[in-house]
Amino acid sequence: MSHTGHYTYAEVEKIAEYLLEKAPGKWKIGIVCGTGLGSLADTLENANSFDYEDIPNFPVSTVPGHAGKLVFGHIGGKSVVCMKGRFHMYEGYPASTVTLPIRVMKLLGVEVLLVTNAAGAVNKSYKTGDLMMLKDHIFLPGLAGSNPLVGTNDERFGPRFPASSVIYQPSFRKLARQAATELGLEKYLHEGVYGMNGGPSFESIAECGLFLKLGADVLGMSTCPETVVASHCGIQVFGMSLVTNECVVDYESEKSANHAEVLEAGDARSKDVQNFIIKLVGLLPVS
Ligand code: HPA
């Protein structure tokens, strides 16, 4: 049976206990595999995989191209737990359900979260296939009341009023730059601001212009709820976007965003993104 809505501490604990019984260990690194990174979960050593639908009270993915599995395993000897496929607010889930797996990860022992996503670029200097490390975000749905922390606050997870200026750890971006350089990917690497649209419709031309004026470099439909919840419970975050399309920002353009294009660009770059994350895991100061 799947449960959606606000999860109590005891409910999150029960899910974590169920998983730890079947996958015992210390899981300090969590990875959310967005579009284009799903194949990373297939490369884990000693993998132990759980379909979301088989985890009691877990939500299930509803989007084609987004598999639903929690995979425990190792990357170069380091223990990692990967979400192969995530939940989105546009699927109809409240933000608190979208972020349930992050709290489960916290209770599994996760200290560092690597989050990836597919995004469209509004920054004109970004090209399809580029990578952008998140230095900040504009969580538009959150500002408008759909913040996953809305509702009763349980101090065991974190404070009522957490800061959002410290979500994305600068030290991880340094390591990521090193990883990109070692892989010859630095020419594709940016550092910028992720703007979140609740979706599922892609942005209008004026909405792209709005985000651009607000200071966003790329736009997507995920990530912010997860990183807010991770930071709230003391998990350090690294976020990365794969640019799968260039957003339409002028009325003369004949292009329009579509999901097939996003999946195709994700696939084309998936090996690079995968290698980048593997390299970054190796550099993280967590065993
Ligand atoms: N907009 C929002 N989300 C996206 C896009 C986009 O252009 N591309 C991939 N995810």
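Atoms within each ligand, like the ligands themselves, are counted from 1 in listed order. Position 1 is the first residue of the sequence; numbering continues from there. Atom set for the values below is all heavy atoms of this structure, side chains included, hydrogens, waters and symmetry mates excluded.
Among all protein heavy atoms, the one lying closest to atom 2 (C) of ligand 1 is Glu203 OE2, 3.0 Å. The protein heavy atom nearest to atom 3 (N) of ligand 1 is Gly220 CA, 3.3 Å. Remark: minimum distance from atom 4 (C) of ligand 1 to any protein heavy atom is reached at Leu219 O, 3.6 Å.
Here Glu191 pairs with Arg173, Arg177 under the salt bridge (charged side-chain N to carboxylate O under 4.0 Å, His left out) rule; sequence neighbours left out.
Every atom of ligand 1 with a heavy atom of Ala118 under 4.0 Å away is listed here by number and element: 9 (C), 10 (N). Counting atoms of ligand 1 from 1 in the listed order, those under 4.0 Å from a heavy atom of Thr244 are 8 (N), 9 (C). Using a 4.0 Å cut-off to heavy atoms of Val262, the atoms of ligand 1 that qualify are 8 (N), 9 (C). The ligand atoms of ligand 1 that sit less than 4.0 angstrom from a heavy atom of Cys247 are 7 (O). Atoms of ligand 1 found under 4.0 Å from any heavy atom of Gly120 (numbered from 1 in listed order, with element): 5 (C), 6 (C), 7 (O), 8 (N), 9 (C).
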> Step by step, would you call Lys127 with Asp130 a salt bridge (charged side-chain N to carboxylate O under 4.0 Å, His left out)?
Replying inline: CA-CA 6 Å; Lys127 300 287 167 237; Asp130 283 358; over 6 Å; no
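Counted within 6.0 Å of CD on Glu11, heavy atoms from surrounding residues, nucleotides or ligands total more than 12; the atom is thus considered enclosed.
Taking all atoms of both residues into account, the shortest heavy-atom contact from Tyr7 to Pro59 is OH-CD, 3.9 Å.
Taking the six-membered ring for Trp and the full ring otherwise, the centers of Tyr168 and His137 sit less than 6.0 Å from each other. Between Phe72 and Phe50, the ring center distance clears the sub-6.0 Å criterion.
Contacts with ligand 1 closer than 4.0 Å are made by side-chain heavy atoms of Asn245 only, the backbone lying farther away.
Ring orientation note: the planes of Tyr93 and Phe87 are nearly perpendicular, at an angle over 60° on the 30°/60° scale.
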